[in-house]
Each structure stands twice: as structure tokens, then as C-alpha cells.
Protein chains: 2
Amino acid sequence: MNRREQIFQTSIKLMKNKGYVGTSMRDIASGMSIEAASLYNHIKGKEDILTDNCFELANKFIDSLNTILKSDEKPLDKLHTFISNHVNILVGNMDAAHVFLYEWKHLSEPHYSKFLSMRDEYEQGLRRILKDDESNNNFENSSYKMVVISVLSSLNAIEQWYKPDGEIKVEELCNILSKILINGIKEL
Amino acid sequence: MNRREQIFQTSIKLMKNKGYVGTSMRDIASGMSIEAASLYNHIKGKEDILTDNCFELANKFIDSLNTILKSDEKPLDKLHTFISNHVNILVGNMDAAHVFLYEWKHLSEPHYSKFLSMRDEYEQGLRRILKDDESNNNFENSSYKMVVISVLSSLNAIEQWYKPDGEIKVEELCNILSKILINGIKEL
DNA sequence: CCTACCGATCGGTAGG
DNA sequence: CCTACCGATCGGTAGG
């Protein structure tokens, strides 16, 4: 891991606890036992950290979505794959996911707008998958936004409680969440 | 509404968009067309705003919980009431709820610890209600934390998409969410 | 409710 | 990677 990646990892951990604005370059430097000025040999500025982190994850989610949309799986299988991919991205990037989920609003333009449009693309993708699954195409149009956000919120909540070293394995996690969510919406 | 309440309302709206740390006393003053120094005639400091907001909502949730726990409703009805109360508190305080949900980590001690213990109390209360409902007492002990947080996250997501003036009414919202969540967990 | 101001800290730069 | 430093802004106070 190079110096730049070390700075990112240190920053993300601090920002998870103190927020993006509440984490100073001196906090980050101190966490790496160097001076704040030295950070600028590896990154252009504080915003680099937030921007790179947010889009690295956003790209992973969008890549996953596009792979699913292009595949020839059956709709219900697509939904399973979507959930599984989403969970795996989160679990594989717990600290980064927290900053991605809760600090993106501090992105400056044009990143802010770009991020929002990627999030929208992702939500529309899940909506597409849900609509193609005929086992629940009987709920009203106005409910889709709610269902999509509810499902994503439940999945994203993993970041709040899941311990990668705990007793629950990732596969088990995917299975339980798939059951809860698919049962929940199929009879709407 | 007195001056203090106006300051709170202005602050909460700003903090929803820019975060607690990212919102300065000068931002708040500017939003009220006064000088920053004048704010201190009505509040002791910036922390007042966050602390009061977080505990006002925390108390509403805990009060709702205690009323339900003391009632003699059947377990499944308690669950319905819990969901309905939770949704109504959120919908009745959309801006405040956002700050409550995402800015509490900037609380200083002893408020920070107090807040966490209240959140824990609320989660344990929902766990109690779920356990007493025999229609889903068949899922494993280790799943409760996950189920509790998933349910709360889905409910809290309302704050992200619900428009109080939109086509979906609060009662309808409670009904749909009850269905999704109770269907989702009953077959676990 | 204001003017005037405080020490502390911010992100970042110059220069080595 | 450091020392030394910049202008801007922070939360907050004194005094009226």
C-alpha cells in the first residue's frame, strides 16, 4: 500500500467518526505521524479524499448494476444478484461505505451533481429489476420509489451493525436479507 | 413562535444541508438577518441547538415506546402501533429528524453517551415487541439485532423521500410500511 | 440587537 | 518530509 492509500485509509477512519468537515488535515497528518503540510505531496487537497472515496464506491455499485442489467438471468435471480453484490461491496469496504453514505453531501460541484445522478441511476436500475419481476408487479407506480429506497436503506444499514469477524458470514447475510426483502415486497 | 424557536428552525434547515460542523453561527445569523453575536442572547452556544434537537426527538421516541410497552395490546398490535408512532414522529418533524439521525455523533459528552443509551433502549424495546409476537419468534437470537436495525432503517428512510404534501397520506404510509416489514420478517 | 474584537484553528503554500 | 507562515474563518465575549 503506497503512501497515498495510507492517507486515504487514515482519513476515512477519522471521517467516519468526526465527519468530513470535522476532520482537519492536521488530524489526518497526526494520525500518520507527519506534519499537515507533508500531506500535500501526495494529494492535491482535502476534497480529493472525499471525492475519490465517493466515486470509487459509486463506480463499484454502478458496475455491478450494469452487469446485472446486461445479463440474461431471470428477473428474480437478478434481484438476488443485486442484493448479493450490494452487500458484498458494503462489507468489503465498511469504513469507506460509511463516508460514501453520509458525507457525500459535502462534495462540491460538479462532483455533487454527478454523484446524485449516479445514485439516481442506481435506484432506477433497481426499480427496473423490480418491475421485470412479475411476482410483484402488482404494486402501484407511486410505491416504487418507496420500495426502492426502503430496500436500499435496509441493505445500507449493514454498515451500522455488521462485524466482518463476527458469527454471521457474508453468504448467510445475503440469504437472510434476500428473504426479508423479497418476502416483504412480494405481497404488497 | 418565539425568537429561540426561530433560531432552532433556521439552524436545523441549514444543518440538514451543510451538516452541524459545516454550519457556522454566522450562517445561522445570516439566515435570520441578524449578526452572529446576537444569537447569544437567545442560546448559550452552538451545541445547544444540536443537543436540544436530538433529545427532543429522542424523548418523543422513548415516550412512544414506553406507552406501547405498558399498554395491554396484543403483540402484533403493539408492532403496528410502534411503526405508526415512529412514522408519525418522523413525518411531523422532517428537518429535525434528519439532524437527529445523522448529526448526533457531534454531540459532546455526557450527551453523546446519553443519546447512545437512549437509542439502545429504543432498539431493545422493539426487540422486546418482536419477541413477544409469537408469529415470528422462530428466528434465531443472532438475527434480532439485524432485524431491529433493518426495520428501523427502512422506517427512518422515510425522511429521505416522503413529501408531506404529496399524494401519499401518512395513514397509507403506515399501512404499506407495516405490510412490507411484517411480511418480511414473519417468515424468517 | 449591534460594533468591535479575541485566541484558536482552518486549508493550503513557499521554499528548502 | 519539514519549518514557517498566509489569509480566512471559526465560536464566542465585552460592552453598550
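Residue numbers begin at 1 in each chain, while the letters A, B, ... track the order of the sequences. Side chains included, hydrogens not; waters and symmetry mates left out as well; all remaining heavy atoms used.
Residue B/Ala37 places its side chain closer to D/dT13 than to any other of D/dT13, C/dC5, C/dG12. When distances run from any side-chain atom of B/Asn41 to the nucleotides C/dT3, D/dC10, C/dC1, the shortest one goes to C/dC1. When the nucleotides C/dC1, D/dT3, D/dG12 are ranked by their closest atom to the side chain of B/Ile34, C/dC1 comes out on top. Side-chain atoms of B/Lys46 lie closest to D/dG12 of the nucleotides D/dG12, D/dC1, C/dC1. For B/His42, taking side-chain heavy atoms from C-beta onward, the closest of the listed nucleotides C/dT13, C/dC1, D/dC10 is C/dC1. The nucleotide whose nearest atom lies closest to any side-chain atom of A/Ser24 is, among C/dC10, D/dT13, D/dC10, C/dC10.
Under the side-chain contact (heavy atoms from CB on, under 4.5 Å) criterion, B/Asn156 pairs with B/His86, B/Leu90, B/Leu101, B/Leu152, sequence neighbours left out.
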- [ ] Determine, stepwise, if the pair B/Phe61 / B/Phe82 fulfils ring-ring contact (aromatic ring centres under 6.0 Å, His included).
- [x] CA-CA 9 Å; B/Phe61 284 118; B/Phe82 181 92; 8.5 Å; no
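Counting only heavy atoms from C-beta outward, the side chains of A/Leu173 and B/Met146 approach each other to under 4.5 Å.
The pairing partner recorded for C/dT3 is D/dA14, the criterion being a Watson-Crick or G-U wobble arrangement whose two distances lie under 3.5 angstrom.
Considering A/Phe115, A/Tyr20, A/Tyr122 as possible partners of A/Phe100, the one that fulfils the ring pair (Phe, Tyr, Trp, His ring centres under 6.0 Å) test is A/Phe115.
Contact annotation: A/Arg26 does not reach the phosphate of C/dG12 (side-chain N/O to OP1 or OP2, under 4.0 Å).
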